[in-house]
Amino acid sequence: MSVRADSQRLDGAREAMASHAWEEAYALLSGVSETDDPEWFEALADATWWLSRLDECIEARQRAYALYDERGATRQAGQCAVWLYEHQNFQARPAIGRGWLQRARRALDGDQLCVEYGNLLLREAECDHGGGEFDKAWRGANEAMQLGRQLRSANLEAEALQAMGRILLDRGEHADGLAHLDEAMLFAVEGRLNPYTTGKVYCSMVSACEAIGDIHRALEWTDAVTEWSANHPVSMFPGICRVHRADLLQWRGEWTKAEEEARQACAELEFMHRPNAADAMVQIGEIRRRLGDYDGAEAAFQRAEELSGHVWAGIALLRLAQGRRQAAVKIITGALDETSWHQLARGKLLPAYVHVLADVGELDRARAGADELAQIAQDYESPVLLAAAETARGRVELAEGNPGAACATLHGALARWTELNVPYEIATTRLLMGHACRETGDVEAANNSYDAAEAIFEHLGVAADVRVSRELRMRGSLPGGLTEREAEVLRLVAKGRTNRQIATELQLSEKTIARHLSNIFAKIDVASRAAATAFAFECGLVGGA
């Protein structure tokens, strides 16, 4: 092919990309190997990026980098290295990505008054942010923003603002964080950004709304994202937007639609952005778990682990539902330990942590988890976390044998969930309220709560939770103010089991069983196992000899 023909095809490809005709651009650029024009390979990399052909994109970008580097075009080589850092991170290869970032730093260190250097600063800030070095990340992002304003680059300024917004959110300065993200969004809605930056700012905003539990705001921005991404039907951004949309549909109880979105997102992102593909599989796992399809949930969570390398917290609740209590404890405590510095990430895990620890009788740890969740919710003024914190506290109060306090706390949680209009959380809170009301002796209030919970569960198709509600309703109030777990322990004591045998059967620690026995003895006013056994038979907790 002649130089003139090459130039014409490259110009044609650039025109096609300007109108987002990525397939047309790809057709013009692909299949050519003899050219040594780095701009050709850079254009090919851009086209394949938007077509979700990430392996081809990386190959083309590497060739462009090598050609620019050979010619001493350090600015262009540095920008290619920045993009290669990003591409490798999309494929969950952070070590390779960091290597490219080092090359970018070496290329651009002496050329700091350019957009390319600003893009380097932002990726370095992302690395620092991800490592919890918020102050260092802030300095880098702020420098990039100032550079963007100096160079009058809307793309650089907007991306820097969103980076600063996310850093502020993780530092607990949520109002300022959202203000920075709002300012970044103005550039996008004004149409002043290129497609890549537009998608990044949109997705960052929606992700931030989800992180702080502002569901209404997230829905509003998701509608905007969906409208924008409709004009880019073969790009990666619709896939990422689907992940966010699936999450919001799940909150609304539209589980069939949520699962459809999540499955399509995974198909679009599996070979393009593995972390977001994993998020989509986690959402499928959560839906399957709630519907009682434990095999389906297991498969989804396992695929998410394969894609991301992480064990997801949702599997802890699956293990709990399967009766594997100690496995559930190990998973959820391990997940929480991995997020020691990240408050919002801990806030998302703590409801499940409290649920698991309260269920297994580790009440001191459950109470500590509920207290931490309440503090995080207050720090971020998150509607979802505030509701989850009250639910967690009510769950602990119920497990501690204080149903009166649990009723009051859960009433507050119910009001918050109702305001958010999230049906599954409303139903589970009503189920807990029914349990608490029953233990206070208010049978009418208990039945009303059970009725309301069952109606929502039936509408959602959650047969397992309907059965739980009906079983709780049939059991009636327990004697002596005993909780369900305490009655379960007492039944086994009455059958002659030792503490060790009870711990093994219930998958609890011997320390937890000893605590339960201490509480049981105090509630029913006895001082020995023999007297407790007599009480169990007298009150009909066990039958026969």
Side-chain angles (χ1 to χ4, degrees), residues 50-54 90 199 202-203 205-207 209-211 213 215-308 310 312-315 317-318 321 348 384 420-428 456-466:
W50 288 103
L51 292 171
S52 299
R53 302 180 185 213
L54 192 52
F90 271 48
Y202 266 132
C203 289
M205 169 60 88
V206 176
S207 176
C209 290
E210 290 175 0
I215 294 175
H216 296 309
R217 188 185 189 100
L219 281 168
E220 182 178 342
W221 285 119
T222 296
D223 288 341
V225 169
T226 303
E227 182 178 348
W228 176 85
S229 66
N231 294 320
H232 303 79
V234 289
S235 77
M236 61 154 291
F237 285 108
I240 294 178
C241 294
R242 287 188 202 283
V243 177
H244 297 308
R245 182 167 175 76
D247 185 60
L248 295 170
L249 286 168
Q250 187 175 165
W251 278 109
R252 286 287 182 256
E254 298 180 54
W255 292 350
T256 300
K257 290 181 181 178
E259 186 166 346
E260 288 173 357
E261 290 281 359
R263 289 194 183 279
Q264 189 167 347
C266 191
E268 293 173 356
L269 296 170
E270 187 171 1
F271 301 106
M272 185 67 176
H273 197 296
R274 293 169 67 89
N276 272 287
D279 286 343
M281 292 308 303
V282 168
Q283 291 181 33
I284 294 168
E286 291 291 349
I287 293 168
R288 293 287 100 201
R289 177 183 63 79
R290 290 180 173 185
L291 289 173
D293 176 12
Y294 296 159
D295 289 341
E298 189 85 45
F301 286 129
Q302 182 177 345
R303 182 58 183 146
E305 184 179 349
E306 291 169 357
L307 287 166
S308 66
H310 295 293
W312 295 82
I315 203 167
L317 294 177
L318 175 61
K348 294 182 74 172
V384 166
L420 289 166
N421 189 27
V422 285
Y424 186 76
E425 285 67 26
I426 291 170
T428 53
I456 297 172
F457 287 142
E458 286 175 344
H459 176 73
L460 294 172
V462 189
D465 284 323
V466 172

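- The side-chain heavy atoms of Asp247 and Trp251, taken from C-beta on, include a pair separated by under 4.5 Å.
- Partner of Glu259 under the side-chain contact (heavy atoms from CB on, under 4.5 Å) criterion, out of Arg288, Gln264, Glu286: Arg288 alone.
- Two residues are said to be in side-chain contact when any heavy atoms from C-beta on lie closer than 4.5 Å; Gln250 and Trp255 meet this criterion.
- Here the straight-line distance linking atom CD1 of Ile287 with atom CZ of Arg263 works out to 8.5 Å at 0.5 Å rounding.
- Of all heavy-atom pairs spanning Trp312 and Ala278, the tightest one is CZ2-CB, 4.0 Å.
- Considering every non-hydrogen atom in both Ala246 and Gln283, the closest pair reads CB-OE1, 2.9 Å.
- Shortest non-hydrogen contact noted between Val282 and Ala304 is CG2-CB, 3.7 Å.
- For the side-chain contact (heavy atoms from CB on, under 4.5 Å) test, residues two or more places apart in sequence or in another chain that qualify with Ile456 are Pro423, Ile426, Ala427, Leu460.
- In terms of heavy-atom proximity, Leu318 sits nearest to Glu298 at CD2-OE1, 3.7 Å.
- Side chains of His244 and Cys203 form a contact here, defined as non-hydrogen atoms less than 4.5 Å apart.
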inquiry  = As a quick check of understanding, evaluate side chain to side chain contact (heavy atoms under 4.5 Å, CB included) for Glu210 and Leu248, giving each step before the final call.
reply    = CA-CA 8 Å; Glu210 290 175 0; Leu248 295 170; 4.2 Å; yes

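- Counting heavy atoms from C-beta outward, Arg252 and Val422 have side chains that approach closer than 4.5 Å.
- Separation of atoms CE (Met281) and CG (Leu269) is listed at 12.5 Å; rounding is to 0.5 Å.
- Contact between Arg289 and Tyr294 at its shortest, heavy atoms only, is O-CE2, 3.7 Å.
- With Arg242 contributing its side chain and Cys266 its backbone, the two residues share no donor-acceptor pair below 3.5 Å.
- Closest approach of Ala300 to Ile284, counting heavy atoms only: CB-CG2, 4.0 Å.
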